[in-house]
Amino acid sequence: MVARVQDTDVLVIGAGAAGLVAALSAAPRRVAILSASDDGYGAATRLAQGGIAAAVGSNDSPQQHALDTLRAGHPENSVAAVDVLCHEAAAGIAYLSEHGVAFDRSAHAWCLHREAAHTQPRVLHANGDGTGACILAALQARCREAEHIDFLPPATAVRLLTGDDAIVGAQASDGAQLFSVRARDTVLATGGLGGLFWKTTNPLTSCGDGVAMALQAGAQCEHLEFVQFHPTALDIDADPLPLVTEALRGAGAYLVNDRDERFMRACHPLVDLAPRDVVARAIWRQNTLGRKVLLRIPADVAAALPVKFPALHALCARYRIDVAASGIPITPAAHYHMGGVAVDLLGRTSLPGLWAVGEVACNRVHGANRLASNSLLEAVVFGRRLGHALAERCRGGRAAGMARASAGEQLLTPPDHAIWTALRLAMWQHMGIVREPSGMQTALVTIRRCRALCKLEQSQLYGRLNLAEHMLLSALQRQISCGAHCVA
Ligand SMILES: Cc1cc2nc3c(=O)[nH]c(=O)nc-3n(C[C@H](O)[C@H](O)[C@H](O)COP(=O)(O)OP(=O)(O)OC[C@H]3O[C@@H](n4cnc5c(N)ncnc54)[C@H](O)[C@@H]3O)c2cc1C
């Protein structure tokens with residue numbers, strides 16, 4: 001087979017908020033965007049309902065936002081990264097507005113909402129609970145208009161290309177053929193890794209491929225053990241699981257087990273409004289006792305559902321859930337990865353030519369636990385910084401050095417179903433909400449056994465197994481509970 005090879009100046013892998021902002025900001029560099037799907041369906045950005053945080057209210061300040069972020073992060077955060085995030089947040093919101101995002105407004109000002117663990121109302125919405133979709137649509141439109149950006153046909157990146165002393169692009173599969181894209185600078189913007197877990201709210205392309213490729217190429221990664229679990233995903237036979245908004249509990253819904261016991265009363269003074277990780281652990285404990293968990297919806301809340309929570313109402317109707325009579329079945333699910341490819345405040349990784357931004361990257365801004373609505377903000381703030389850093393390196397010509405990874409030798413085959421299932425179950429059971437050292441050792445054995453069975457052509461699956469092993473080893477090293485990492 002003759003290998004297809006193409007050259008570009010900057011290659012951005014991933015077309016969520018982080019990748020698109022980085023691509024736009026890198027002008028006048030020539031950018032090619034490579035993404036597993038070109039309609040945004042593979043991007044977690046599209047699913048973000050809660051909103052985007054920024055201290056733009058009259059009683060608020062970047063310092064207060066930073067304090068809240070550090071408190072949530074337990075405090076494993078980089079103070080420098082938090083400072084950048086919170087001080088550049090207003091500029092990030094202005095940037096999105098200029099690029100066509102119509103944030104919800106009252107007569108003279110943006111509507112600001114208060115969310116758990118934020119001490120001020122500072123969360124902006126666009127089209128109500130459609131914030132992520134609005135941001136994605138606006139950025140996609142600007143990227144398609146931009147003369148310096150080309151969208152490559154949908155394809156999955158499978159490995160990074162290594163030159164003599166730098167990363168020089170990536171190898172990808174369009175399902176029929178492998179091809180190489182050589183680039184002077186390569187940006188990983190592939191999102192999170194919730195898909196490695198049996199239960200997740202993430203799109204199924206969020207399986208940590210970016211971190212896996214970076215690990216394989218020898219890049220430094222950190223905080224791999226910090227995974228945030230959302231307490232209330234809809235417990236149905238679907239993959240991924242849809243979110244049940246936490247605002248429902250704010251409106252009066254409450255958690256019960258299948259004996260109708262309000263178990264949260266014994267867990268936290270705030271009962272059903274306790275912090276996300278406390279609620280997730282309480283539900284997990286009920287599940288391990290064999291109890292199912294439901295959200296009970298008082299009659300007035302159920303009656304208001306079509307107006308106040310139209311998306312949830314439609315979802316329950318689709319799955320024939322009689323909300324008023326039976327409540328809403330819920331389960332925790334893997335939701336957000338605080339760790340990733342280690343980067344500095346401009347998105348530079350430990351490998352020359354390789355950059356990372358968004359959920360795939362770790363500049364330690366979230367520490368051990370992310371403050372809600374800070375991740376869309378991170379994608380925008382650090383996407384802009386990375387793009388500007390690339391623009392300053394403006395040089396012409398082709399990628400230096402020859403790619404060492406030979407193209408065309410293997411095709412991307414779908415993951416072996418049995419191995420993929422074993423991996424996701426092991427991660428859910430032993431690397432989940434509450435972790436026991438002996439369980440994590442069991443998972444390590446499973447993962448290593450699976451990797452030994454993995455066929456050579458399954459490079460994507462192999463990379464994911466490798467990543468799972470690194471996550472488990474990081475978790476085993478952290479013997480004391482910290483943020484989202486809870487040791488039994
Ligand atoms: C259900 C849900 C609700 C959320 N709500 C909020 C919220 O309200 N506020 C908030 O701040 N955050 C929220 N988050 C988190 C936030 O959406 C994400 O952290 C953020 O959008 C990540 O942006 P990103 O650009 O890094 O990744 P993504 O938006 O996930 O984009 C990743 C891109 O990489 C592509 N890709 C992945 N692997 C490959 C590969 N191997 N080859 C090629 N392309 C690849 C994908 O197709 C996609 O285009 C939510 C997340 C979920 C799942």
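One-based numbering, in listed order, for ligands and for the atoms of each.
Residue contacts with ligand 1: Gly132 is excluded, as none of its non-hydrogen atoms falls under 4.0 Å. Note on ligand 1: Ser35 sits in its first shell, one or more heavy atoms being nearer than 4.0 Å. Not a single heavy atom of His337 sits under 4.0 Å from any atom of ligand 1. By the 4.0 Å heavy-atom criterion, Ile52 is excluded from the residues contacting ligand 1.
Between the Glu76 side chain and the Arg364 main chain, no donor and acceptor come within less than 3.5 Å of each other. Arg30 contributes no side-chain N or O that, together with a main-chain N or O of Thr8, makes up a donor-acceptor pair within less than 3.5 Å. Not one N or O on the side chain of Thr232 forms a donor-acceptor pair closer than 3.5 Å with the backbone of Ile330. Here the side chain of Ser206 pairs no donor or acceptor atom with the backbone of Asn202 at under 3.5 angstrom. Checked by atom type and distance alone, the side chain of Asp104 pairs as donor or acceptor with a backbone atom of Asn127 at under 3.5 Å.
Per-residue contacts place Ala17 under 4.0 angstrom from the following atoms of ligand 1 (heavy atoms of the residue considered): 25 (O). The contact set between ligand 1 and Ala157, taken as ligand atoms under 4.0 Å from a residue heavy atom, comprises 40 (C), 41 (N), 42 (N), 43 (C). Each of the atoms 26 (O) of ligand 1 lies under 4.0 Å from some heavy atom of Gly358. Residue contact check: Gly191 has heavy atoms under 4.0 Å from atoms 26 (O), 27 (O), 30 (O), 32 (C) of ligand 1. Residue Asp209 has at least one heavy-atom neighbour below 4.0 Å for each of these atoms of ligand 1: 41 (N). When each atom of ligand 1 is checked for a heavy atom of Tyr336 under 4.0 Å away, the hits are 19 (O).
When the options His125, His230, His335 are ranked by their closest heavy atom to atom 51 (C) of ligand 1, first place goes to His335.
At a heavy-atom cutoff of 4.0 Å, ligand 1 is contacted by the side chain of Ile13 but not by its backbone. Only the backbone of Ala189 comes within contact range of ligand 1, with a heavy atom under 4.0 Å; no side-chain atom does. With a 4.0 Å heavy-atom cut-off, ligand 1 is reached by the backbone of Gln49 but not by any atom from C-beta on. With a 4.0 Å heavy-atom cut-off, ligand 1 is reached by the backbone of Ala155 but not by any atom from C-beta on.
Checked by distance only, ligand 1 and Val360 stay at 3.5 Å or farther apart across all their nitrogen or oxygen atoms. Geometrically, ligand 1 and Thr156 share no nitrogen or oxygen pair separated by less than 3.5 Å. For Leu377, no nitrogen or oxygen atom sits less than 3.5 Å from a nitrogen or oxygen atom of ligand 1, counting backbone and side chain alike.
Relative ring orientation between Phe229 and Phe197 is described as perpendicular, the plane-to-plane angle rising above 60° on a 0-90° scale split at 30° and 60°.
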